[in-house]
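Predicted model, so just to flag it, every value in this text is computed and none were measured. Start at 1 and go down the list; that is how both ligands and their atoms are numbered.
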Amino acid sequence: MRIIPIDKTLKAFSAFDTDVTVVGCAPYGNGHINDTFLVTGDTKRFILQSINSNVFKKPEEVMHNISLVTSFLKSQTDDERRVLNLVNTKDGKPFYKDEDGRYWRLYDFVESSLSLDLPETTEDFYQSAIAFGEFQKLLNDFPVEKLYETIPDFHNTPDRYRKFKEAVEKDVCGRAASVQEEIKFVNDRADFYSVLFDNNKEGKLPLRVTHNDTKINNVMLDLETRTALCVIDLDTIMPGFSVNDFGDSIRFGASTAAEDEKDLSKVEMDINLFETYAKGFIKGCGGLLTKDEIMLMPEGAKMMTIECGMRFLTDYLEGDTYFKTKYADHNLDRCHTQFKLVADMESKWDAMKKIVETV
Ligand code: ADP
Ligand code: GN1
Ligand code: MG
């Protein structure tokens, strides 16, 4: 775990153009990538983040994308609570680089809102589906050529599989022998990994501008109405497949347990939540999705889940250098829930296919 001294955090905050006196500063949220702090000022609250530059090799390009996307989204709505508001530095930049090379950014805190790690009700999940669907639709008019690819091959599952096999081969931590069953689980599904790219080549799955990290905790819901307010965590907006945005939400939010649940008997993909999310996402996309894209939603769900499990296992084999972990086998526990979900989706495959045929 990276520890950032509090004086460095407060110094970074003071580089931004705010007119508050800081009264509190504490780590915040459950993200796996960036270091997030809630900064409480005397009149206003903020989210201060140190960007993970091990994951995002070119933080300036991430901030270029986020500035463009948030400005674009603001031009599409009159309600300022609907869009994440980036605060510039005193010298007008969207990020601050400190003397240790850390990159920082500041957002207004989205007040009177909540972000959930699992939906508490079916309606919560439906609302997040509407939000990510609408987000997809809005991005349809975004000029894709202006975006940098912040993590190359982010959802290129065949390439993730190649990197996984490399990690097994190198086995730098000597952990491969103890996870033979998990390795077999990945290898047994090798034929599946190119399915979305194959459909893309056949002209059935268009590349769109997608969010690429559609966990329910990346949507803020209004505390009072519990309707979706705004989509956050915009680091990975890049060209991608709509079914991946759909699928990543299912992977995380349609699970009956947390991503790191140790008791696998609690982990299932809730088919009713799958159906609910499919309806909400299609509605949010407002007629944008083609019939083929809708039909490939089950593949998107399974792809994002096996890919994520494979990424957790790769990170475990490589010594836990990518995802933040809280204890020794955290990545392995996460990998197990993902594989349990994949197996459960396989057993519910016909039902999933039927839902998207009729939805
Ligand atoms: P990570 O990339 O590490 O997942 P996020 O940008 O998703 O980082 O932030 C982590 C968590 O912090 C979110 O899940 C959310 O709960 C909270 N959060 C982030 N930005 C805001 C904001 N502007 N207002 C309120 N909460 C926020
Ligand atoms: C990371 O940043 P966060 O926690 O929203 C990861 C996603 C994974 C997810 C697994 C940039 O998302 O790709 O699906 O963890 N983000 C990045 O929970 O790698
Ligand atoms: Mg996040």
Side-chain angles (χ1 to χ4, degrees), residues 1-2 26-40 44-57 59 62-63 65-66 70 80-87 103-118 128 132 149-157 160 210-223 229-238 240 244-245 247-253 255 258-261 301 303-315 321-326 330-331 333-335 337-338 341:
M1 199 174 119
R2 304 186 302 164
Y28 192 76
N30 290 324
H32 294 346
I33 302 296
N34 297 305
D35 291 303
T36 302
F37 301 88
L38 170 65
V39 179
T40 307
K44 210 176 152 177
R45 299 196 294 172
F46 299 88
I47 287 287
L48 176 67
Q49 285 182 322
S50 164
I51 304 173
N52 184 332
S53 54
N54 178 42
V55 167
F56 298 103
K57 307 289 182 205
V62 172
M63 294 317 295
N65 284 5
I66 294 181
T70 50
E80 60 177 39
R81 289 185 80 215
R82 301 301 305 253
V83 187
L84 204 53
N85 189 50
L86 202 53
V87 181
Y103 285 78
W104 296 85
R105 64 177 169 221
L106 189 70
Y107 293 114
D108 285 343
F109 189 86
V110 181
E111 293 292 352
S112 307
S113 71
L114 78 166
S115 96
L116 300 171
D117 285 312
L118 271 184
S128 73
F132 280 122
E149 201 178 358
T150 54
I151 303 181
D153 294 314
F154 190 55
H155 285 319
N156 180 343
T157 314
R160 293 280 183 191
T210 47
H211 181 281
N212 293 305
D213 189 2
T214 51
K215 286 156 70 162
I216 190 168
N217 66 12
N218 287 331
V219 172
M220 307 304 299
L221 300 181
D222 186 290
L223 197 56
L229 260 182
C230 79
V231 169
I232 62 167
D233 204 344
L234 309 176
D235 295 329
T236 50
I237 293 181
M238 287 180 282
N244 287 346
D245 272 6
D248 200 44
S249 291
I250 298 301
R251 173 191 82 71
F252 193 80
S255 172
E259 197 183 52
D260 56 1
E261 172 60 58
M303 194 68 76
M304 286 300 94
T305 313
I306 186 81
E307 182 192 277
C308 197
M310 201 191 298
R311 290 173 63 197
F312 287 140
L313 187 54
T314 304
D315 199 30
T321 58
Y322 185 95
F323 295 103
K324 284 190 195 174
T325 50
K326 292 189 176 141
H330 205 167
N331 271 320
D333 285 343
R334 290 167 174 157
C335 156
T337 60
Q338 302 310 292
L341 285 171

Practice item. Examine the proximity of ligand 2 to Asn217 and report which part, side chain or backbone, both or neither, has a heavy atom under 4.0 Å away. Key: neither
Practice item. Just say parallel, tilted or perpendicular for the rings of His32 and Phe312, cut-offs at 30° and 60°. Key: perpendicular
Exercise for review: State whether Asn218 contributes an N/O/S atom found under 2.8 Å from the Mg ion (ligand 3).
Suggested key: yes
Check your understanding: What's the shortest distance from atom 12 (O) of ligand 2 to any protein heavy atom, and which residue and atom give it?
Key -> Asp213 OD2, 3.1 Å
Review point. Arg311 near ligand 2, heavy-atom distance under 4.0 Å?
Key: yes
Exercise for review: Give the atoms of ligand 1, by number and element, whose distance to some non-hydrogen atom of Ile232 is under 4.0 Å.
Suggested key: 13 (C), 15 (C), 18 (N), 19 (C), 20 (N)
Point to revise | Gln49 N/O under 3.5 Å from ligand 1 N/O | key: yes
Check your understanding: With backbone taken as N, CA, C and O and side chain as the heavy atoms from C-beta onward, which portion of Ile47 lies under 4.0 Å from ligand 1: side chain, backbone, both, or neither?
Key -> side chain
Exercise for review: For the residue pair Asp235 and Asn52, confirm or rule out a side-chain donor-acceptor distance under 3.5 Å.
Suggested key: no
Check your understanding: Is any NZ, NE, NH1 or NH2 atom of the basic residue among Arg81 and Asp222 found under 4.0 Å from an Asp or Glu carboxylate oxygen of the other?
Key -> yes
Point to revise | Sub-4.0 Å atoms of ligand 1 with respect to non-hydrogen atoms of His32 | key: 3 (O)
**Study point:** Within-shell test, Asn218 vs ligand 2, heavy atom, strictly < 4.0 Å
**Key:** yes
Point to revise | For the Mg ion (ligand 3): the N/O/S atom of Asp233 at shortest distance | key: OD2
Practice item. May I ask you to list the atoms of ligand 2 that are less than 4.0 angstrom from any heavy atom of Tyr322? Key: 11 (C), 17 (C), 19 (O)
Practice item. Verify the distance criterion only: is there a donor paired with an acceptor across the side chains of Gln49 and Thr36 at less than 3.5 Å? Key: yes
Revision key, fill the gap. If we number the atoms of ligand 1 from 1 as shown, the ones under 4.0 Å from a heavy atom of Ser115 are 14 (O), 15 (C), 16 (O)
Exercise for review: Within a distance under 4.0 Å of any heavy atom of Phe109, pick out the atoms of ligand 1 and give their elements.
Suggested key: 24 (N), 25 (C), 26 (N)
Exercise for review: Please report which non-hydrogen protein atom sits nearest to atom 14 (O) of ligand 2, along with the residue it belongs to and the distance in Å to one decimal place.
Suggested key: Arg251 NH2, 3.4 Å
Check your understanding: Would one find an N or O of Val110, backbone or side chain, under 3.5 Å from an N or O of ligand 1?
Key -> yes
Study note, to complete from the structure: One finds that the ligand 2 atoms under 4.0 Å from a non-hydrogen atom of Phe312 are 10 (C)
Check your understanding: If you measure from the Lys or Arg side-chain nitrogens to the Asp or Glu carboxylate oxygens, is any gap between Arg251 and Glu259 under 4.0 Å?
Key -> yes
Exercise for review: Can you sort out which atoms of ligand 2 are near Glu259, meaning under 4.0 Å from one of its heavy atoms?
Suggested key: 10 (C), 18 (O)
Exercise for review: Search all heavy atoms of Tyr322 against all heavy atoms of Ile33 and return the closest pair with its distance.
Suggested key: CE2-CD1, 3.6 Å
Study note, to complete from the structure: Ranked by distance from atom 9 (C) of ligand 2, the top protein heavy atom is Lys215 NZ, 3.6 Å
Check your understanding: When you measure from atom 10 (C) of ligand 1 to every protein heavy atom, which one gives the shortest distance, and what is it?
Key -> Thr36 OG1, 3.9 Å
Point to revise | atom 2 (O) of ligand 2: nearest protein contact (heavy atom, Å) | key: Ile33 CG1, 3.2 Å
Review point. Hey, is Asp108 one of the residues with a heavy atom under 4.0 angstrom from ligand 1?
Key: yes
Point to revise | Side-chain donor/acceptor of Asp260 to backbone N/O of Arg334, under 3.5 Å | key: no
**Study point:** Within-cut-off N or O pair, Tyr28 and ligand 1, under 3.5 Å
**Key:** no
Review point. Side chains of Thr321 and Asp315: does their closest heavy-atom pair fall under 4.5 Å?
Key: yes
Practice item. Please identify which atoms of ligand 2 are closer than 4.0 Å to at least one heavy atom of Gly31. Key: 4 (O)
Exercise for review: Report the nearest protein non-hydrogen atom to atom 15 (O) of ligand 2: residue, atom name, distance rounded to 0.1 Å.
Suggested key: His32 CD2, 3.4 Å
Revision key, fill the gap. min-distance protein heavy atom vs atom 1 (P) of ligand 1 -> Asp233 OD2, 3.5 Å
Practice item. Can you sort out which atoms of ligand 1 are near Asn218, meaning under 4.0 Å from one of its heavy atoms? Key: 7 (O)
Review point. What atoms in ligand 1 come closer than 4.0 Å to a heavy atom of Gly31?
Key: 1 (P), 3 (O), 4 (O)
Review point. With backbone taken as N, CA, C and O and side chain as the heavy atoms from C-beta onward, which portion of Asp233 lies under 4.0 Å from ligand 2: side chain, backbone, both, or neither?
Key: side chain
Point to revise | Ligand-residue contact atoms, ligand 1 with Leu84, heavy atoms, under 4.0 Å | key: 23 (N)
Point to revise | Polar side chain donor-acceptor pair, Glu307 to Thr157, under 3.5 angstrom | key: yes
Practice item. Measure the distances from the heavy atoms of Met220 to every atom of ligand 1 and state whether one is below 4.0 angstrom. Key: yes
Revision key, fill the gap. Taking every heavy atom of Asp213 against every heavy atom of Asp245, the minimum-distance pair comes out as N-OD1, 4.4 Å
Review point. Is there a heavy atom of Arg334 sitting under 4.0 angstrom from any atom of ligand 2?
Key: no
**Study point:** Side-chain donor/acceptor of His330 to backbone N/O of Lys324, under 3.5 Å
**Key:** no
Review point. Between the main-chain N or O of Thr214 and the side-chain N or O of Asp248, is there a donor-acceptor pair closer than 3.5 Å?
Key: yes
Review point. With a cut-off of 4.0 Å, which atoms of ligand 2 are near a heavy atom of Phe56?
Key: 11 (C)
Check your understanding: Is it the side chain, the backbone, both or neither of Met304 that has a heavy atom closer than 4.0 Å to ligand 2?
Key -> neither
